[in-house]
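Just so it is clear, the structure is predicted and the values come from calculations on it, not from any experiment. Protein chains get the first letters and strands the later ones, always in sequence-line order, with residue 1 at the start of each.
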Amino acid sequence: MIISMTDQPSSSKTEDSEVVLSVEGVSKKFCRDLKRSLFYGVQDIASDLLGIREKSDKIRKKEFWALDNVSFELRRGEALGLVGKNGSGKSTLLRIIAGLIKPDLGTVKVKGRVAPLIALGAGFNPILTGRENIYANMSILGLTKQEIDDRFDEVVEFAEIGDAIDSPVQTYSSGMAARLGFATAIHTEPDILLIDEVLSVGDIKFRGKCTRKLADLRTKGTSFLIVSHNSSTISYVCQNAVYLCQGELVTQGRVNDVLEKYEEDLFLNKHNIESSVLKIPKKSKSHSHGLDIKYVCFKDEQGIIIESPKVGEYAALCVGCSAWKNFSSIALFVNIRDLSREGESILKVSNYFDRNFISVTDEEIEIQFQMTPCHFRQGIYEATLVINTVPPPGRIDEVESFKFQVKDRNQISGIGVNTNMFYQPRQWQVLKSISFN
Amino acid sequence: MGAIKRLRSRKIVDRQTDWVVYTPKSRMKQPALLLKELWRDLLASRELAWQLLVRDINAKYRQSLLGVVWAFIPPIITAAGFTLAKGNGVINIGNTDLPYPAYVMFSMTLWQTFVEALNGPIQAVTSAKSMLARINFPREAIILSKLGEVFFNFGIKLILIFLLFLWFKMPVTGSVIIAPVALIHLVLLGTFLGLMLAPMGALYKDISMGVTLVTGFWLFLTPVVYPVPSEGMFGAIVRLNPVTPLLVTTRELATTGVISDPVGFWIASGMSVVGLIVAWIIYRVAMPYVVERISS
């Protein structure tokens, strides 16, 4: 989903403010074998009771480090993103911070009330009415009866439940239940909010409302720790991010730098990008239709192969072909998807759409799709290339996937938070003393 | 309104002054801190326990047609069965100082309360699993809430006992006023045992299955359907059973007012109180590890 937060406090301001959460060298073991895991649990309880559980830095059989020496800090009013693939230890880290489980090594220090948004509607009893569940749920989250009384009307109004508040929760639609869960959690007014992949609650209108509420909380000094494997969510909300991979902290810092690294690891195979030219093995004549794509790469204005296009600079997507038949007219179709945005298709171009046909005789050719300049924003993209005879369809050859990265070293597409969808070349000018006729 | 706002914001500031620290260090090595936390969380969990109690009782009776009647049925059925068996000479049970059906019904009610107290903590942890795995609230709250439920259920059963006393025209002495003290000790014993087993019960299903089996057998080692045996091997076992003095004393205080085994009562009571505190510490230490293992 898309979250945009206005009122971003400037990063210089957050660097001065006090630390509310400090994670120092935290490690946690994990075991995937259930029987063994239960037994280790009993073992841990026994050794803790006897007070001999000081050194737990050794891995027992079938255990591995779900978190390995992770350290970072969260300041008041800061939104910190926690990115990583599934199973990288993000949720385990959140559970340690919430105080649900103990770290095996290291220390976690927390200041103030922590509200886990991992726990939407936890403790909701379907038999009971919305009203009763609000009271039960908010007291589980640590509020006194008086505090709940004060906020009750706000919660009901925010959740848009209306008269259904006195009906059992099991009669609610899933959206209503989710809204009620979100509303109760958010109205506990925590100092630190742990958000785990739950921002996709309800319809678009309600999500907008949630986003505004979160932004509102942040200006009041609530700190956020947002977990997601979807980098666009993180990039819209956070200034800083931490990237975890297999329990280890790979990098942390400004959100754009961290996400760039994360997306590189996620979408590009390291050994693949080194050559920066996608070479296609030669096909036998029985599998060929008369023209084969030999390579795909990017070139600059001088015709030199470049590793990746840069925002605002010239780049040509070059498709090298070798033909052994004659074609009066062929068309190259390029479909580009943005992998940072869940592979959403963002551009479909073809010389066919542009009425610019290519005729081929028996020869080696290179078809160039020249971007003058490249308007993509920083990110990772995937292109599908198809060569057809004209008029289509009449498929000659195709490349399923050509992944590339667009870099933005000068940050011209947007300084700071990466909310721009594309690069707009621009000039600024001020005209004075104009008269409107 | 302004005053409330100010009050609230001041509270937030207060809350933020102290750090909460999570380390791998064993709490057993910091006994002072451990005791401080026990006390703090017990106080902090009262209100939550109340909310949970209200929630659970509401939910329980809203989905039931017979409702509170279910509290009466088991003692009545048991009493009917045994009275029938005894009257026809199927089983040979010595004479009781109370009319036999009343004896069985009253004792059965007490026994049930004990079993509920025993099962309470195990059920509490099992049914709150998902909550425990996601929210850090004082772990004492679910136990207190179950305790509340035990007393609530006993309160309902009190109606049956009251009718029983009227029907059989049983004598009541002034000692009935202190009968609740003995009853509380009986409940403490059950809670002690249940709390001890609760962390393991959350990890292994064997515990709850075993408890069902054991309590079924235990009933026959407790003078519920028969009077306290005075001699023999069986008599010794029954007297060693810690439930015996607590249950018998409660019954005696409520009826005759003559306590047959005061020493046994105080030993069992002392054991329950000390045991409960130990079980509580174990429960607290164990819960983070249990949470770690019961959810992914």
Honestly, the part of B/Leu52 sitting under 4.5 Å from a heavy atom of chain A is side chain
Is any side-chain heavy atom of B/Pro24 closer than 4.5 Å to one of A/Asp104? no
To the nearest 0.5 Å, tell me how far B/Leu48 CG sits from A/Thr144 OG1. 11.5 Å
Quick one: pull up OG in A/Ser47 and CE in B/Met28 and give me the separation to the nearest 0.5 Å. 11.5 Å
Residue of the set A/Leu38, A/Ile45, A/Val42 for which side chain to side chain contact (heavy atoms under 4.5 Å, CB included) holds with B/Met200: A/Val42
Is A/Lys102 reaching over with its side chain to a backbone N or O of B/Glu292, donor-acceptor style, under 3.5 angstrom? no
Between A/Val26 and chain B, with a heavy-atom cut-off of 4.5 Å, which part of the residue counts as in contact: side chain, backbone, both or neither? neither
Measuring from A/Asn137:CG to B/Met131:CE, what's the distance to the nearest 0.5 Å? 8.5 Å
Select one option (side chain, backbone, both, neither) describing which atoms of B/Met287 are under 4.5 Å from chain A's heavy atoms. neither
Roughly how far apart are B/Arg62 CZ and A/Glu132 CD, rounded to 0.5 Å? 4.0 Å
Just wondering, do B/Arg293 and A/Tyr40 contact through their side chains at under 4.5 Å, heavy atoms? yes
So, for A/Asp48 and B/Tyr289, which heavy atoms are closest and what is the spacing to 0.1 Å? OD2-OH, 2.6 Å
Residue among A/Ile101, A/Val114, A/Val108 with most heavy-atom pairs under 4.5 Å to chain B: A/Val108
Are A/Lys145 and B/Gln51 side-chain neighbours, meaning at least one heavy-atom pair lies under 4.5 Å? yes
Among A/Leu49, A/Thr92, A/Thr107, which residue has the highest count of heavy-atom pairs closer than 4.5 Å to chain B? A/Leu49
Look up atom CG in B/Asn136 and atom CD1 in A/Ile97, then write down how far apart they are to the nearest 0.5 Å. 12.5 Å
Checking B/Phe114 now: which residues fulfil ring-ring contact (aromatic ring centres under 6.0 Å, His included) with it, not counting sequence neighbours? B/Trp111, B/Trp218
Among A/Gly142, A/Gly99, A/Pro126, residue most engaged with chain B (heavy-atom pairs, under 4.5 Å): A/Gly99
Only one of A/Thr129, A/Ile127, A/Leu128 clears side chain to side chain contact (heavy atoms under 4.5 Å, CB included) with B/Asn58; which? A/Leu128
